[in-house]
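Worksheet: one structure, shown below.
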Amino acid sequence: MDLEFGAADEAFRAEIRDWLSAHVPAAPLPSLETGEGFAAHRSWERTLGAARLGVVSWPERYGGRGASVLQWLVFEEEYYAAGAPGRVSQNGINLLAPTLLKHGTPEQLARILPPMASGEVIWAQAWSEPGAGSDLAALRATATRTDGGWRLDGQKTWSSRAAFADRGFGLFRSDPESVRHRGLTYLMFPLDAEGVTVRPIGRLDGKPAFAELFLDGVFVPDADVIGAPGDGWRVAMSTAGNERGLTLRSPGRFTAAASRLVELWRERADPSDTALRDRVADAWIRSRAYRLKGFETISRDDDAGAESSLNKIYWSELDVALHETALDLLGPDGELASEWLENYVFSLAGPIYAGTNEIQRNVIAERLLGLPRGSR
């Protein structure tokens, strides 16, 4: 593998670095999990979109730059190193869009992707249900055939971004006689449609990071079905692979955090505490290993498949360990409101969302190692 960046890639890096230096807000935006913060982050997405930097690897006709996947990794490294705002559009651009690019129709691509790239339309992920989280195949929300489309009924929960987003995407059981992975259909729907009730879920900190969705006879036209009716599980696995792989948590996120951790160690560490020093070094090394794995992943022209479960476990556990180390460096100061503390609390969700790590270990055991189902 050639780990050297070419002249075009370095020129791209310099352009991105200069643009971010000129445009990243001087002060952090309010939390995107509040109404005020969501609006501020939506405005930031529009700024990115106007510069065609919201989705650099997309074709130009959809609002991107046609950049290579390697250049996308370069963009991500520079983005996180600059301390740029979190991406309120991530459910759309990192999960739905790759699914559409693989399974969508030309009409869907032309209609859905440009407003997503520009930041005009923000998407919520509506997969989980009460009793169907990591075991997504247990879902019970239904899509019933009706004249010109489908009628959606049921409940979704822990829907990311749904408290403030514009549209949602999710799986629905379209064959009432089906069980588990069969008879599912992948649909998109507006969150302000008649029959949709959005109920924000408040956390202990009062921020509505998620919402419950109640669907009562919500009409969705055939044009908003992704893939073939009844084939939703196969389509959804494209989304799951992206969620667990590089697109949701790119290496740049962790190399930037690890670099800041090293700086924190230089400022706060007791030189005699070699155990803490080793934890800092371990986080730095692991972040670089994930970066190298990212290069290896994009060098292959195939789907990661079950291998994405390895990625998901790796980045989620790295995130927790890195932020635990930062709080230990801060000592009692770590209990005060700070970016390190807020990011630590968020990191604790990593082993749960995108499919719990327990489920991912089962996937690895059965699909990569070939162990019989239920082995321990």
Side-chain angles (χ1 to χ4, degrees), residues 91 94-96 98-99 102-103 125-143 154-160 169-187 210 225-249 286 289-290 293-294 296-321 347-376:
N91 286 331
N94 293 338
L95 303 180
L96 177 60
T99 305
K102 185 170 183 178
H103 300 282
Q125 184 185 26
W127 280 31
S128 296
E129 300 180 8
S134 293
D135 184 17
L136 185 61
L139 64 85
R140 294 181 293 176
T142 61
Q155 179 183 356
K156 298 289 183 177
T157 193
W158 305 119
S159 298
S160 303
F169 59 90
L171 276 177
F172 296 83
R173 192 163 298 283
S174 52
D175 179 356
E177 303 300 322
S178 67
V179 295
R180 303 295 296 167
H181 310 89
R182 300 181 183 277
L184 303 175
T185 297
Y186 202 132
L187 295 121
F210 309 96
V225 173
I226 305 177
D231 195 31
W233 186 260
R234 185 177 68 88
V235 177
M237 289 306 96
S238 298
T239 306
N242 283 291
E243 186 177 28
R244 296 164 190 163
L246 291 176
T247 55
L248 184 64
R249 293 290 176 256
R286 288 169 66 187
Y290 185 50
K293 175 60 178 174
E296 189 270 340
T297 298
I298 67 171
S299 70
R300 301 191 331 237
D301 188 21
D302 59 3
D303 291 338
E307 194 174 305
S308 63
S309 294
L310 291 169
N311 256 11
K312 197 273 170 169
I313 291 174
Y314 190 91
W315 60 248
S316 61
E317 294 187 347
L318 168 61
D319 206 15
V320 174
S347 76
L348 296 177
I352 301 172
Y353 65 76
T356 64
N357 285 6
E358 290 79 7
I359 294 294
Q360 302 316 309
R361 287 186 168 88
N362 284 347
V363 171
I364 293 166
E366 295 167 16
R367 301 183 192 174
L368 294 181
L369 301 180
L371 298 176
R373 185 175 179 82
S375 295
R376 295 292 183 267

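Residue numbers run from 1 in the order of the sequence given.
Below 30°, between 30° and 60°, or above 60°: for Tyr186 and Phe169 the angle between ring planes is below 30°, a parallel geometry.
Of the possible donor and acceptor atoms, one in the side chain of Thr185 sits under 3.5 Å from a partner among the backbone N and O of Gly230. In this structure a side-chain-to-backbone donor-acceptor pair under 3.5 Å is present from Glu129 to Arg140. Judged by distance alone, with hydrogens and angles left aside, the side-chain atoms of Lys312 form a donor-acceptor pair with the main-chain N or O of Gly350 at under 3.5 Å. Formation of a donor-acceptor pair under 3.5 Å by the Arg173 side chain with backbone atoms of Ala137 is found in this model. Judged by distance alone, the side chain of Arg182 and the main-chain N or O of Asp231 form no donor-acceptor pair under 3.5 Å. Lys156 places no side-chain N or O within 3.5 Å of a backbone atom of Gln125 that could act as its donor or acceptor partner.
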Next on the checklist: Apply side chain to side chain contact (heavy atoms under 4.5 Å, CB included) to residues Thr157 and Phe210 and explain how you reach the verdict.
Outcome noted: CA-CA 8 Å; Thr157 193; Phe210 309 96; over 6 Å; no
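When all heavy atoms of Gly227 and Val235 are compared, the pair lying nearest together is CA-CG2, 4.2 Å. In terms of heavy atoms, Asn357 sits closest to Ser316 at ND2-OG, 3.0 Å. Minimum heavy-atom separation, Asn91 to Ser160: ND2-O, 3.2 Å. In this structure, Ala138 and Gly131 approach most closely via the heavy-atom pair CB-O, 3.7 Å. Among all heavy-atom pairs drawn from Leu136 and Ser128, the shortest one is CD1-N, 4.5 Å. The shortest heavy-atom contact between Val320 and Ser347 is CG2-O, 3.3 Å.
Residue Trp233 qualifies as enclosed at atom CH2: its count of foreign heavy atoms under 6.0 Å is above 12.
Atoms CD1 and CD1, from Ile313 and Ile359 in turn, are 10.5 Å apart once rounded to the nearest 0.5 Å. Atom CE of Met237 sits about 10.0 Å away from atom OG1 of Thr99, to the nearest 0.5 Å. In this structure, the separation between OG1 on Thr142 and CG on Leu184 is 11.5 Å, given to the nearest 0.5 Å. Going from atom OH of Tyr290 over to atom OH of Tyr314 covers 9.5 Å, rounded to the nearest 0.5 Å. With rounding to the nearest 0.5 angstrom, the CG atom of Leu310 is 5.5 Å from the CG atom of Leu368.
Between Trp127 and Leu139 there is no side-chain heavy-atom pair separated by less than 4.5 Å.
Ion pairing between Arg361 and Glu358 fails under the 4.0 Å rule for side-chain N and carboxylate O.
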